[in-house]
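Numbers restart at 1 for each chain; the letters A, B, ... are given by sequence-line order, proteins then strands. Heavy atoms only: backbone and side chains are in, while hydrogens, waters and symmetry mates are out.
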Number of protein chains: 2
Amino acid sequence: MLSDTPMRMTKQRKVILERLRSVTSHPTADEMYEMVRQDLPKISLGTVYRNLELMSEEGVVLKIDVGGSKKRFDGNTSTHYHLRCLNCGRVDDLHMEPVKGVEAEAAILSGYQVMTHSLEVRGLCPACGKKNTKSN
Amino acid sequence: MLSDTPMRMTKQRKVILERLRSVTSHPTADEMYEMVRQDLPKISLGTVYRNLELMSEEGVVLKIDVGGSKKRFDGNTSTHYHLRCLNCGRVDDLHMEPVKGVEAEAAILSGYQVMTHSLEVRGLCPACGKKNTKSN
DNA sequence: GTCGTTGCAAACGGTTTGCACCGTC
DNA sequence: GACGGTGCAAACCGTTTGCAACGAC
């Protein structure tokens, strides 16, 4: 998983990581781009993509590639589940114990060499749920 | 969820549904396009997309929008989990009991109005796992 | 005959990539 | 100074959409 040559610590990389770790939301690449531009106005979107991708490969950040067209990123790399609002697209952490044994059970049932699992609960976030009840 | 005016049963729609139900794999839209073209050589990719989207809204088929860049479709609409191979991208059914209580627990913890949940186990499928062990 | 559906092609949106220059090690 | 990283812009690829013709009801 870790590459042979270590990543150079450029200021772009540093700011991206700091910014991502400073929020509890799960920004998309272009949301990260907007955040990082406050410190580095000349950074390019390509650099943001490259670094988020690279750091997720290194296990420094988590790529949330689950539902929806845009990928999202998370500074918290420990296994945890997510909630996604079907109306506004927002993603929250689900503070729940990871289900025990799924990976082992899946490996036995399928013959896969299991590496991780993810669980996503979908519905309406409190804000969107409220709106919806009113209009219906 | 169901629309007011019923869907017209065009031959395109019929063939797409038949083909999807006849396989146990989880085809992408363009794989469906190739399959359907055997019966309807003049069908367009746009029609395939439109119908898969429409039928998934109607609950006739299942859209698997979880991980990976392409969406996949499933003729089996009952709640079930999936396995995804990180090497070849193939998706298999995970024949496992859905985890009880996740949705209720998530609703309580988060205040979301929960509608569904999905779980995806990722790793290497038996074929890719074998190749990988040899080369490493 | 109406109006939902189709085929076509062009547009879209998120992401990736080639390239010449730049800055970390 | 080497070589990995950057900014920029163009390319990519899956998907969506506008439109005129078509066909299910």
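Spacing between atom CE of A:Met7 and atom C1' of C:dC25 amounts to 15 Å, rounded to whole angstrom units. Residue A:Tyr33 contributes atom OH, which lies 17 Å from atom P of C:dG13 at whole-angstrom precision. Put simply, CG on B:Leu52 is 15 Å from P on D:dT17, counting in whole angstrom units. For the pair B:Asp65 CG and C:dG14 P, the computed distance is 14 Å after rounding to whole Å. Atom CG in A:Leu54 sits about 14 Å away from atom C1' in C:dT16, given to the nearest Å. Atom pair B:Lys70:NZ and D:dC12:P shows a separation of 16 Å (rounding to whole Å applied). Rounding to whole angstrom units, CE of residue A:Met32 and C1' of C:dG14 are separated by 16 Å. If you measure from atom CG of A:Leu45 to atom P of D:dA10, you get 15 Å, rounded to the nearest angstrom.
A close approach under 4.0 Å does not occur between any side-chain nitrogen or oxygen of A:Thr10 and OP1 or OP2 of D:dG5. For A:Lys11 and D:dG5, the shortest distance from a side-chain N or O to OP1 or OP2 is not below 4.0 Å. Taking 4.0 angstrom as the limit, B:Gln12 places none of its side-chain polar atoms (N or O) nearer than this to OP1 or OP2 of D:dG23. Side-chain N/O atoms of A:Tyr49 include one lying less than 4.0 angstrom from OP1 or OP2 on C:dT15. Contact between the side-chain N/O atoms of A:Thr47 and the OP1/OP2 oxygens of D:dG7 is found at a separation under 4.0 Å. For the OP1/OP2 pair of C:dG7 and a distance below 4.0 Å, the side-chain nitrogens and oxygens of B:Lys42 include no atom meeting the criterion. Listed pair B:Ser69 / D:dC13 fails the phosphate criterion, with no side-chain N or O lying under 4.0 Å from OP1 or OP2.
Side-chain N/O atoms of B:Arg13 and base N/O atoms of C:dG4 include no donor-acceptor pair closer than 3.5 Å. Between the side chain of A:Arg50 and the base of C:dG18, at least one donor-acceptor pair of N or O atoms lies under 3.5 Å.
In this structure, CZ on B:Arg13 lies 5.5 Å from CG on B:Leu54, to the nearest 0.5 angstrom.
Nearest-nucleotide assignment on DNA chain D puts the 5′-proximal partner with B:Lys71, out of B:Met9 and B:Lys71.
Side chains of A:Met9 and A:Lys14 form a contact here, defined as non-hydrogen atoms less than 4.5 Å apart.
Within 4.0 Å of A:Asn51, counting heavy atoms only, lie sugar-phosphate atoms of the nucleic acid but no base atom.
The nucleotide whose nearest atom lies closest to any side-chain atom of A:Arg8 is, among C:dG7, C:dT15, D:dA2, D:dA2.
Using a 4.0 Å cut-off between charged nitrogen and carboxylate oxygen, A:Glu34 and A:Arg37 count as a salt-bridge pair.
Of all heavy-atom pairs between A:Val61 and A:Leu20, the closest is CG1-CD2, 3.6 Å.
Test A:Asp92, A:Asp93, A:Leu119 against A:Tyr81 for side chain to side chain contact (heavy atoms under 4.5 Å, CB included) and you get one pass: A:Leu119.
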